[in-house]
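Accompanying notes for the structure given below.
In what follows, chains are A, B, ... by sequence order, proteins preceding strands, each numbered from 1. No experiment lies behind these values; they were computed from the predicted model shown.
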2 protein chains.
Amino acid sequence: MSLTIALAQTNFRVGDIAANIKHLAAAAILARDEHHADLVVFPELCIIGYPAEDLLLRADFITAANNAIYQLADEVEGIALVVGFPELADGKLYNSAVVLHQGVMVAKYRKQALPNYGVFDEQRYFAAGDRPCVFEFNGVFIGLTICEDVWRAGIIEATREAGAEILLTLNASPYQSGKSQLRESVICQQVKTAGLPLVYVNQVGGQDELVFDGASFVADAQGKIIYRAREFAEDIGVVNFVGGHPIAAACAQLYADVASEYQALTLGIKDYVAKNGFQGALLGLSGGIDSALVLALAVDALGADKVEAVLMPSRYTQAMSNEDAVLEAQALGVKYHVIPIEPAVAAFTGMLADVFAGSGKDTTEENIQARCRGTVLMAISNKQGKLLLTTGNKSEMSVGYATLYGDMAGGFAPIKDVPKLLVYQLAKYRNSLALVIPERVIIRAPSAELAADQKDEDSLPPYEVLDPILERYVEGDQTAEAIIAAGFRPEDVARAISLVDRNEYKRRQSPPGIKITSRAFGRDRRYPITSGYRGI
Amino acid sequence: MSLTIALAQTNFRVGDIAANIKHLAAAAILARDEHHADLVVFPELCIIGYPAEDLLLRADFITAANNAIYQLADEVEGIALVVGFPELADGKLYNSAVVLHQGVMVAKYRKQALPNYGVFDEQRYFAAGDRPCVFEFNGVFIGLTICEDVWRAGIIEATREAGAEILLTLNASPYQSGKSQLRESVICQQVKTAGLPLVYVNQVGGQDELVFDGASFVADAQGKIIYRAREFAEDIGVVNFVGGHPIAAACAQLYADVASEYQALTLGIKDYVAKNGFQGALLGLSGGIDSALVLALAVDALGADKVEAVLMPSRYTQAMSNEDAVLEAQALGVKYHVIPIEPAVAAFTGMLADVFAGSGKDTTEENIQARCRGTVLMAISNKQGKLLLTTGNKSEMSVGYATLYGDMAGGFAPIKDVPKLLVYQLAKYRNSLALVIPERVIIRAPSAELAADQKDEDSLPPYEVLDPILERYVEGDQTAEAIIAAGFRPEDVARAISLVDRNEYKRRQSPPGIKITSRAFGRDRRYPITSGYRGI
């Protein structure tokens, strides 16, 4: 008995059911006509995109999604479709998968394991299914599962016991560094235990804070990967099953760590700009490493002609910063403007002179400079319809080393979840492809240049110390005691933790950015602003 | 058999376990010594405050909360305490209530109904209990329940069947307009059906976007309220039970609608300022109704000496706006500054002249003015350690009629969930107590004054039309068809819905504000920014 299964690793726009249906139908027809597939598997909830969040509470949206299933069943003939959708039944909503063939529903499965941690809120919307689903197709018994189902023990097993010979899994599994490897290792172990081949189809593309990396795969009954789709791109793969056994096909290589993070960031930018209809992107280019990296990412995501840079020097900006910023713009072929901020700073200084009379200088004056830059950038963004990218990294977001409405102003924060040390690695990686960031930018001491001779290390521990402390505290939920016991100086730990604790109010108003670590700020980490908890 | 039960309607700071323990102990001792209570009931999760959000994922935090229970048991003698805490048992976390008496745990209950909708995320943190809890105390059988338990059918019934003669309920039930009445009506109906008297203890106070209104009560077995604590204030109430029947005590009156909303808003401001350690608050005073209301709320919450106003006229500001703003500041006895924004606007105009050469005027120029004001206000906030209050209302937040980093700049947005028509009602209510807002501010047509002769109605439907459309769409999830069928003009509905759909990006970066409706923006309404869904 032979069966050809296509894996449709597709990129959808959340909420755009009409467009998604068209995209699904086109992919199904391609799988049928070009790849001669008998059955094509799509990602989890592909009719509506993932995650649709509170759109799932709208009755009109759910009705449209349910109607779309019937439309799809009528529209595509000659191939069976396995499609994810939010199923409304008896007043409950399920995260379901349906098999459509020759105009009818052949089978339907309701997700049993509903993740409600990290970025996931599925129990806010869905009721859980309570049984496996196995259907016969071309003489083969096929089991259906959805995403979290195959991470937990028991569900694969129960599906096998219900008679499945092949397992299909529809997924919307978001990227984080090392996720592909983790995913394959956890799931293949389960596959091996159950002794069932598994077809794993993931969605791909950026959606607000999340990037879905694709990397769909097929594992044989021994848990060996015998096919893998590309990462970070749409892909339609095909695997033949003979007598229930998959025949090995071409495996795309997984990107190495830093390269995969770079790919995730570019895809996140590209899709945010495209799916939100911006004309392009712009950013403030300071001559520092963060904005240099964001410029390179934006150009790689959108093309140089869609990106604009603005240099906004002040009296504290060193000559080499301006020089390096110009070199970066030139190396990437990006249009740039130079707009000194002194006139605006002088205006505010004058306007505030009476109110501030008698008080000394403090960070207020630094913040004014950053906010003058934010205002200039937002004005250009407003005028041109370009998305303003902020350039702050995760280390800064963690400790609040950034100005609200200043350098934090913008619609999207590409490196918000990238710690400073990783910013350097990504810059070096990009330079290894072609030199676009001057070496001096990488080796000089980082500075906000908001006061004379200012360096980040004047107010923060060195990033070699700060970053691992932050990772342990923010991502690992470790205590100060545990971090100190791991060899960090008590004063560094105290400084870092205290800053993290006190800066939730800034993070709450920061633009969304791309999750690449195990815990990003945003939907992934939900802290109260008003809080008496002190980690130190 | 006689039993005196105290209801400790207390205000806690989320995360501050040490302070909460002290506060609990002091309230318990007061209940024992002043009110001669045998048993005192505290709110849900009172050891840690509600909602603690992702602090609940920190092992050190949970350990501290569990240890605090033992500390409390040792510390307070001569009265039984019923206390809520996050119970860690067998690797699972429960939302639990414990009865402490004479140094030991007399009983323990695990919440069965875990809300995971609206502002609630309890399934992110907690496992559900699976059985009722009844304990004997002074010869009476008492059942324990927690918040959502008594809203759902079945749990009160099961607790009665387990032998309860009196029911205690620990709550953290947040305010929304009409909530006290709703709460009493739903719960008293259940009480009546079960035929059991019920002691309902709610927390009180502001926590980020939520205000807990208190209004704790006791209902007799017929579902009649025989005692009610005050709304919006700490209160320790006492009710005697003789032979299992509560003896009627004094019932505090519930505030009427607009008065209750006013109280909720002042308490929300007061607690946000106090619990976050600000020196006071400041705001931009435009002469319009929104900032006039926020000024009055801030003064009522904090006192006139803690509030400062800043007038920032431009060439588009009418003389009467300045006059009225001064009158408001004077009527409330608030210090104010006048800082014209023209110098900053001129500076930015000059700086951007080259980049903008050849393009016409649009909202960019309006946004620059708003951002100059935001920068001035934030500078004063930074310098003085005062919280900047934004003055935007819910109608504006819904349709994006506000400038990011401009009038949206600030740490707290008191009237973010107050629709414009309700702003007028609240202003009139405040004037009914004492005239603080000039009549002209209430009757003149609202204007952002960012361009010559500008009125809100130039770009938006009149608020009498807009507000009910927004309520139906945002709070009611109604479709455009349904709203039109209810009698609204298709073009008004289309305009309103389209603006709501497209402005999620602004709302995502807005400061937190106080929830007073059935669905506020923020944790209560979680929409994707990138979305192809169009309600029209």
- Message: Measuring only between side-chain heavy atoms, which start at C-beta, is Thr375(B) closer than 4.5 Å to Thr375(A)?
- Response: yes
- Note on the structure: Whatever's closer than 4.5 Å to a heavy atom in chain A on Arg519(B) counts as side chain
- Got a second to check how far Ile529(A)'s CD1 is from Glu209(B)'s CD, nearest 0.5 Å? 7.5 Å
- Query: Which bit of Ser510(B) is near chain A, if near means a heavy-atom gap under 4.5 Å: side chain, backbone, both or neither?
  - Reply: backbone
- Within the side chain of Asp208(A), is there an N or O that forms a donor-acceptor pair under 3.5 Å with the backbone of Pro528(B)? no
- Task: Decide side chain to side chain contact (heavy atoms under 4.5 Å, CB included) for Phe356(A) and Ile380(B); before the verdict, give the C-alpha distance in whole Å, the side-chain angles of both, and the deciding distance to 0.1 Å.
- Result: CA-CA 8 Å; Phe356(A) 287 181; Ile380(B) 300 175; 4.1 Å; yes
- Item | Residue among Ala409(A), Gly374(A), Ala19(A) with most heavy-atom pairs under 4.5 Å to chain B | Ala409(A)
- Is a salt bridge present between Asp16(B) and Arg534(A), judged by a nitrogen-to-oxygen distance below 4.0 Å? no
- Message: Between Asp121(B) and Asp121(A), is the side chain to side chain contact (heavy atoms under 4.5 Å, CB included) condition met? List the steps.
- Response: CA-CA 8 Å; Asp121(B) 281 307; Asp121(A) 280 306; 3.7 Å; yes
- Query: chain A heavy atoms under 4.5 Å from Lys361(B): which part of the residue, side chain, backbone, both or neither?
  - Reply: backbone
- Item | Residue among Ala347(B), Ala379(B), Pro343(B), Gly206(B) with most heavy-atom pairs under 4.5 Å to chain A | Ala379(B)
- Query: What residue among Asn367(A), Thr364(A), Thr403(A) forms side chain to side chain donor-acceptor pair (under 3.5 Å) with Asn382(B)?
  - Reply: Asn367(A)
- Which region of Glu365(B), side chain (C-beta onward) or backbone (N, CA, C, O), has a non-hydrogen atom less than 4.5 Å from a non-hydrogen atom of chain A, or is it both or neither? side chain
- Pick one of side chain, backbone, both or neither for Asp501(A), based on which atoms fall under 4.5 Å of a heavy atom in chain B. neither
- Is chain A contacted by the side chain of Glu481(B), its backbone, both, or neither, given a heavy-atom distance below 4.5 Å? neither
- For the residue pair Gln384(B) and Val355(A), establish whether any side-chain heavy-atom pair is separated by less than 4.5 Å. yes
- Scored by heavy-atom pairs under 4.5 Å with chain B, the best of Ile368(A), Val376(A), Ile17(A) is Val376(A)
- Is it the case that more than 12 heavy atoms not belonging to Asp362(B) sit under 6.0 Å from its CG atom? yes
- Task: Could you have a look at Gly476(A), Ala344(A), Ala64(A) and say which one has the most heavy-atom pairs with chain B under 4.5 angstrom?
- Result: Ala344(A)
- Message: Less than 4.5 Å to any heavy atom of chain A: does that hold for the side chain of Phe12(B), its backbone, both, or neither?
- Response: neither
- Nearest 0.5 Å please: distance from the OH atom of Tyr505(A) over to the OH atom of Tyr272(B). 9.5 Å
- Mark yes when over 12 heavy atoms from residues, nucleotides or ligands other than Lys270(A) sit less than 6.0 Å from its NZ; otherwise mark no. no
- Heavy atoms of Thr530(A) and Val14(B) approach each other most closely as O-CB, 3.9 Å
- Shortest non-hydrogen contact from Phe348(B) toward Cys372(A): CE2-O, 3.5 Å
- Answer yes if the side chains of Arg58(B) and Tyr533(A) hold a donor-acceptor pair under 3.5 Å, and no otherwise. yes
- Query: Where on Pro512(A) is there a heavy atom nearer than 4.5 Å to chain B: the side chain, the backbone, both, or neither?
  - Reply: side chain
- Taking His337(B), Gln207(B), Lys275(B) one by one, which has the highest count of heavy-atom pairs under 4.5 Å against chain A? Gln207(B)
- Ranking Thr479(B), Leu352(B), Leu55(B), Ile339(B) by heavy-atom pairs under 4.5 Å to chain A gives rank one to Leu55(B)
- Charged N to carboxylate O below 4.0 Å: is that the case for Arg525(B) and Glu53(A)? no
- chain A: which of Gly277(B), Ala482(B), Gly118(B) shares the most heavy-atom pairs with it under 4.5 Å? Gly118(B)
- Query: For the side chain of Lys383(A) and the backbone of Gly360(B), is there at least one donor-acceptor N/O pair under 3.5 Å apart?
  - Reply: yes
- Query: With distance as the sole test, does Tyr405(B) use its side chain to make a donor-acceptor pair with the main-chain N or O of Gly410(A) at under 3.5 Å?
  - Reply: yes
- Exceeds 12 heavy-atom contacts within 6.0 angstrom, atom NZ of Lys386(B): yes
- Message: Can you tell me which portion of Arg526(B) sits under 4.5 Å from chain A's heavy atoms? Options are side chain, backbone, both or neither.
- Response: both
- Item | Side-chain donor or acceptor of Asp54(A) paired with backbone N/O of Tyr527(B) under 3.5 Å | no
- Item | Contact origin within Met378(B) toward chain A - heavy atom pairs under 4.5 Å | both
- Query: Which heavy-atom pair separates Pro511(A) from Gln509(B) by the least distance, and what is that distance?
  - Reply: CB-NE2, 3.4 Å
- Checking heavy atoms, do the side chain of Ala52(B), its backbone, both or neither come under 4.5 Å from chain A? backbone
- Task: Select, from Lys506(A), Met351(A), Arg508(A), the one with the greatest count of heavy-atom pairs under 4.5 Å involving chain B.
- Result: Met351(A)
